[in-house]
Amino acid sequence: MEMIGAGLFALALLHTFAAKYFEVLAHRHPKHAGLLHLLGEVEVVFGFWAFVLIVVMALVLGGTEAIAYAESRQYTEPLFVFVVMVVAASRPVLEAAGRLLEVIARLAPVHTPVALAWLGLAVVPLMGSLITEPAAMTLAALMLAPQIFRQGMPEWLKYGALGVLFVNVSIGGTLTSYAAPPVLMVASVWHWDTVFMATTFGWKAALAVLINASVITFLLRSHMHDAEPVAANDNTSRVPLLVSAIHLAFLAGVVIFAHHPVIFLGLFLFFLGYTQAYDRYQNPLILKEGLLVGFFLAGLVVLGGMQQWWLQPIVSSLGPIALFFGALGLTAITDNAALTYLGSLIAGMTDQAKYMLVAGAVAGGGLTVIANAPNPAGVALLRRGFNDESIGAIGLLLGALPPTMIAALFFML
């Protein structure tokens, strides 16, 4: 069954890289466009192959064993990402964050759209250390979409900006011990608190984030133009300060109870009721996008649970330097939180090896869609701005390589 699980995981990876090709086929064969569009949805890939795994497991081991395995997985992270995406993308939250960034941008000695782009690629990812990485990804993606991820922008620049965004979100959450999933997996086991993270990882990550954002913003500067705020809607009333404050309180509550699904799901139900009561201050909630991302991550949890037998021996056999580059590479084909979790199970790891494992895992978090939990959220929110409304795995990999190298350089200091 482990071999079958590894084989299906490999097929899911190949499917991820081929997702953009399914979109091309959908245009060529309109008769089957619906099915091909479905197979071309990156967010559907791992959920689809996880379903195949459970069916195969039922045939090989029996239905009881298959259900027991599915129920043994931990789905808190997929649920949290879904909830925090929807809350963070609500109009009052976006308007509050957008107004704050716009005030800062107007004070900058550069063209306001350029300053806003830099803030979205640098400051918002670093805010992920406070509001969690999925929330930062959602805010940054929706704020940057009208400026960068739109038709008319050169495709290579969009992939470059996407790579910077994904890498910066992955490393930008390392200033605290709770915001980045790969850090969270080891923080309690290895007794890493926020002070340790800020002094060991955080300052290096912040420097890398600022450099990455500055370089790509410089390349984008001539293509910038004024765009309407993402939450603007002429048909609705201006959001009162109190409504924005209540939405921010919901977001804070979800973040505080991120590891208690009963609590944050209860808060989410109250949030849905509140948005219905004051729908004149709302835009449509991104429930579809959030559910697709949750489905993707849940599929990764199911498939990833069958990969420990080959991943853990690799991690435990590497020296510190090799472990850094091994973690960086392995992150591209498996979720970085799963990788650091496997490392936390290894007894007797030196402090240097622990550092190298986590540093490599977060540095490589932008290389692929599955490398970091917030990445599927970014793909779901930004893909409409790309050709064929699809983000190619090769384009993302190439766009993420330069900022990944910058992050790796700083973490190796």
Side-chain angles (χ1 to χ4, degrees), residues 6 9-10 13 16 77 125 128-129 133 163 166-175 177 179-192 196-197 200-202 204-205 207-209 212 297 300-301 303-375 393 396-397 400-413:
F9 186 75
L13 287 175
T16 301
E77 187 178 52
S129 288
E133 289 184 353
F166 281 13
V167 172
N168 281 1
V169 168
S170 180
I171 65 177
T174 59
L175 279 76
S177 59
V183 173
L184 183 66
M185 292 295 177
V186 300
S188 61
V189 178
W190 293 343
H191 308 293
W192 288 3
F196 174 84
M197 288 304 304
T200 307
F201 289 87
K204 302 174 185 178
L207 289 174
V209 165
N212 288 339
L297 294 174
L300 187 58
V301 167
L303 280 171
M306 299 294 293
Q307 315 311 316
Q308 182 174 347
W309 67 275
W310 64 269
L311 267 176
Q312 191 165 347
I314 294 176
V315 173
S316 60
S317 66
L318 298 175
I321 301 299
L323 185 58
F324 175 83
F325 290 102
L328 193 151
L330 287 171
T331 291
I333 61 171
T334 185
D335 179 61
N336 56 8
L339 195 61
T340 58
Y341 170 73
L342 294 177
S344 72
L345 301 177
I346 301 172
M349 286 187 72
T350 65
D351 290 341
Q352 186 184 17
K354 293 174 182 177
Y355 170 86
M356 290 298 187
L357 173 64
V358 175
V362 297
L367 293 171
T368 60
V369 178
I370 67 171
N372 193 32
N375 291 359
L396 171 58
L397 179 64
L401 279 177
T404 298
M405 293 169 63
I406 296 295
L409 177 64
F410 275 96
F411 282 132
M412 288 293 287
L413 291 175

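The side chain to side chain donor-acceptor pair (under 3.5 Å) search around Asn372 returns Glu133, Asn336, not counting sequence neighbours. When the side-chain contact (heavy atoms from CB on, under 4.5 Å) test is applied to Ala373, the partners found at least two apart in sequence or on another chain are Glu77, Pro181, Leu297, Asp335. For the side-chain contact (heavy atoms from CB on, under 4.5 Å) test, residues two or more places apart in sequence or in another chain that qualify with Met185 are Ala337, Thr340, Tyr341. Take Phe196 and apply the ring-ring contact (aromatic ring centres under 6.0 Å, His included) test, not counting sequence neighbours, and it matches Trp192. Considering only residues two or more places apart in sequence or on other chains, Trp310 meets the side chain to side chain donor-acceptor pair (under 3.5 Å) condition with Gln307.
Taking CG from Leu339 and CD1 from Ile333, the interatomic distance works out to 9.0 Å, rounded to the nearest 0.5 Å. We find the CD1-CE distance between Ile321 and Met356 to be 3.5 Å, quoted to the nearest 0.5 Å. Atom CE of residue Met349 and atom CG of residue Leu323 lie 5.5 Å apart, to the nearest 0.5 angstrom.
Looking only at distances, no side-chain donor or acceptor of Thr16 sits under 3.5 Å from a matching main-chain atom of Ile370. Remark: side-chain polar atoms of Ser170 are not paired, donor with acceptor, to backbone N or O of Phe166 under 3.5 angstrom.
Across Gly172 and Ser129, no two heavy atoms sit closer than the pair O-OG, 2.5 Å.
Put simply, the side chain of Ile171 does not reach to within 4.5 Å of the side chain of Phe201, judged on heavy atoms. With contacts defined as side-chain heavy-atom distances shorter than 4.5 Å, the pair Asn375/Thr368 does not qualify. Between Leu357 and Leu318 there is no side-chain heavy-atom pair separated by less than 4.5 Å. At a threshold of 4.5 Å between non-hydrogen side-chain atoms, the residues Phe9 and Leu300 count as touching.
Residue pairs that meet the side chain to side chain donor-acceptor pair (under 3.5 Å) test with at least one member in residues 355-366, sequence neighbours left out, are Lys204-Tyr355.
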